[in-house]
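Taking it in order: structure first as structure tokens, then the write-up.
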Amino acid sequence: MSIKVLYFASLRETLGYSHETLTLPASIATLGDLRSHLARRGGVWEALDEGRNVRAAINQEMASPDKAVADRDEIAFFPPVTGG
Amino acid sequence: MSIKVLYFASLRETLGYSHETLTLPASIATLGDLRSHLARRGGVWEALDEGRNVRAAINQEMASPDKAVADRDEIAFFPPVTGG
Amino acid sequence: MRVSVQEADFDVGAETEALAAGRPEVGAVASFVGYVRADKLAGESAADQAVSAMTLEHYPGMTEKSLEAIVAEAESRWSLLGVRVIHRFGRLVPGDRIVFVGVAGSHRGEAFAACEFIMDYLKTRAPFWKKEDTPEGGRWVDAREADDAAAEKWGQA
Amino acid sequence: MRVSVQEADFDVGAETEALAAGRPEVGAVASFVGYVRADKLAGESAADQAVSAMTLEHYPGMTEKSLEAIVAEAESRWSLLGVRVIHRFGRLVPGDRIVFVGVAGSHRGEAFAACEFIMDYLKTRAPFWKKEDTPEGGRWVDAREADDAAAEKWGQA
């Protein structure tokens, strides 16, 4: 399964990446799985640890951790939004 | 006691007066007394009868029937307002 | 100048901008523009549908006082940075602007609440009366009970 | 066009007018303009007070989609005659306009409610992030709990 992952705002700066393309192991089924998978990279990636206030979107729609991740999805991680 | 009385909108048209100056008998103490006094003129003035939906102001402030009327007051009678 | 009662039209953009201009503490401007509706004038009968204009009568002096009182009441309820109320009188046709209420505040919540409060109170407290032009002559518009209910939801002033 | 996400400023008067122009059934236009506040940028320390600008980052594509979804949600809740949402991104200084929301309806109640609803939801759903410029460099603005509470008062979407 190949997906695109985007990072925004403070998270983008912390990680040093604005986007990456990943081929995921079959064990990753949900958004929550993906987030844990990325956090396990350690170092700056601990910014994605479960306790951190990070929001996510699948294909440009806000999504909760139990949402399934599918091949060619566009996933995004970002801090709580502050528009308006 | 001498007062000025103004009439607006449909009430002005019904009565055929936009304003008048009145010298009141001593028996008239309140706005309610004045309204009854005017209604007793009969004919078109019954538009001021108790059951009719008429609002009033004393010196350009909305006032209830129990409000006292004083010498040189500007009193107004009009239908419910429909601005905005 | 916070309150104007005038026959002339007004400039929505300029009035809105004036509420924020030179006030760097303003974060929010909520505003409202009321228009003469075509279907407000049109009723069920053919004669009603021929209504083409209305005339707004008011009580000069009391109108300004009542609008100032409504604005003062809003300012006592919320922390506001600017308020502007303009109400027209005279002859108006469908599509014409009738009323402008603009409120500036630090935050949007107070600006929205004060703007709606002023409109609701204005509808039941400001001495304006509408008369529609019909082929049979003028017809006075009745006050709407919905407006009394809207004003009452804010509690006793 | 109901939703625009752009770097350029907008014309409040023209946008408000466009909501009513040629729609004789419109009786009410409620609108909101959000500005960059000087005191929002200024904090307690001298360094904070030197904050002079902010940069709004967004998620191109999702931003437009989320704003369209917010507008569609408002249209499902109220009977509306027109909606316009403009949100800027990029570098902004105190006094600059950030956001415009305008709603046209037959009556003021629905226009006010929908306008405030869209602003409340936009604050918690649209992917924008603010970074303040300070002498020590950029500082990301935290999301406000008050905004989540404001969005929640409308119930589950």
Side-chain angles (χ1 to χ4, degrees), chain B residues 2-22 30-32 34-35 38-39 43-84, chain C residues 3 5 32-37 40 54-70 85-89 92 97-101 115-132 137-148 150-151 157:
Chain B
S2 174
I3 58 164
K4 188 176 181 186
V5 188
L6 310 178
Y7 308 100
F8 288 95
S10 55
L11 197 60
R12 170 177 52 73
E13 290 184 347
T14 301
L15 301 177
Y17 282 89
S18 64
H19 65 276
E20 59 179 322
T21 302
L22 289 177
T30 67
L31 192 56
L34 172 61
R35 182 168 161 180
L38 293 168
V44 293
W45 295 91
E46 287 168 12
L48 287 168
D49 274 352
E50 222 176 305
R52 306 299 184 87
N53 204 353
V54 171
R55 307 294 164 91
I58 300 180
N59 298 326
Q60 306 189 346
E61 283 190 16
M62 292 279 191
S64 51
D66 59 323
K67 265 297 197 74
V69 172
D71 192 35
R72 299 187 182 281
D73 272 354
E74 176 179 304
I75 313 286
F77 292 102
F78 43 79
V81 304
T82 59
Chain C
V3 165
V5 180
F32 179 85
V33 181
Y35 296 84
V36 180
R37 276 199 288 136
K40 193 171 194 174
M54 65 160 66
T55 301
L56 263 161
E57 176 174 334
H58 77 118
Y59 179 173
M62 179 172 168
T63 315
E64 292 80 353
K65 268 175 91 162
S66 67
L67 293 177
E68 284 285 0
I70 291 163
V85 177
I86 307 173
H87 204 301
R88 297 177 69 187
F89 62 91
L92 299 169
R97 281 171 281 270
I98 304 176
V99 60
F100 173 85
V101 175
C115 188
E116 189 165 13
F117 170 88
I118 290 170
M119 273 306 302
D120 285 350
Y121 266 68
L122 178 158
K123 282 262 184 185
T124 57
R125 300 268 193 98
F128 287 98
W129 302 275
K130 288 175 184 152
K131 189 180 192 177
E132 299 173 348
R139 181 181 54 191
W140 292 96
V141 177
D142 284 334
R144 289 177 66 230
E145 281 176 23
D147 289 330
D148 285 330

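Convention: sequence-line order gives letters A, B, ...; per-chain numbering from 1. Quick note: numbers below take in every heavy atom, side chains included, and nothing from hydrogens, waters or symmetry partners.
Contacts of B/Asn53 with chain C are absent, with no heavy-atom separation under 4.5 Å from either backbone or side chain. Contacts between B/Ala57 and chain C at a heavy-atom distance below 4.5 Å involve the side chain alone, from C-beta outward.
Under the 3.5 Å distance criterion, the side-chain polar atoms of C/Lys130 are matched with a main-chain donor or acceptor of B/Gly84.
For the atom pair OG1 of B/Thr82 and CG of C/Asp147, the computed distance is 9.0 Å after rounding to the nearest 0.5 Å. To the nearest 0.5 Å, the span separating OG1 on C/Thr124 from CE on B/Met62 amounts to 7.5 Å. Here OG of B/Ser10 is found 9.0 Å from CD of C/Glu57. Values are rounded to the nearest 0.5 Å. Atom-to-atom distance recorded for C/Trp129:CH2 and B/Arg12:CZ is 9.5 Å, nearest 0.5 angstrom.
Looking at every heavy atom in both residues, B/Phe8 comes nearest to C/Pro60 through CE2-CD, 4.5 Å. Nearest heavy atom pair, residue C/Trp140 against residue B/Glu13, reads NE1-OE1, 2.8 Å. Scanning all heavy atoms of the two residues, the minimum distance from B/Val81 to C/Ala143 falls at O-CB, 3.6 Å.
Contacts with chain B were tallied for C/Gly34, C/Ala126, C/Gly138; C/Ala126 has the most, counting heavy-atom pairs under 4.5 Å. For the set C/Met119, C/Lys131, C/Lys65, the entry with the most heavy-atom pairs within less than 4.5 Å of chain B is C/Lys65. Interface check for chain C: of the options B/Pro79, B/Ala9, B/Pro80, the most heavy-atom pairs under 4.5 Å are formed by B/Ala9.
For the pair B/Glu61 and C/Arg125, the salt-bridge criterion is not met [side-chain N within less than 4.0 Å of a carboxylate O].
By the 4.5 Å heavy-atom criterion applied to side chains, B/Phe78 and C/Met62 are counted as neighbours.
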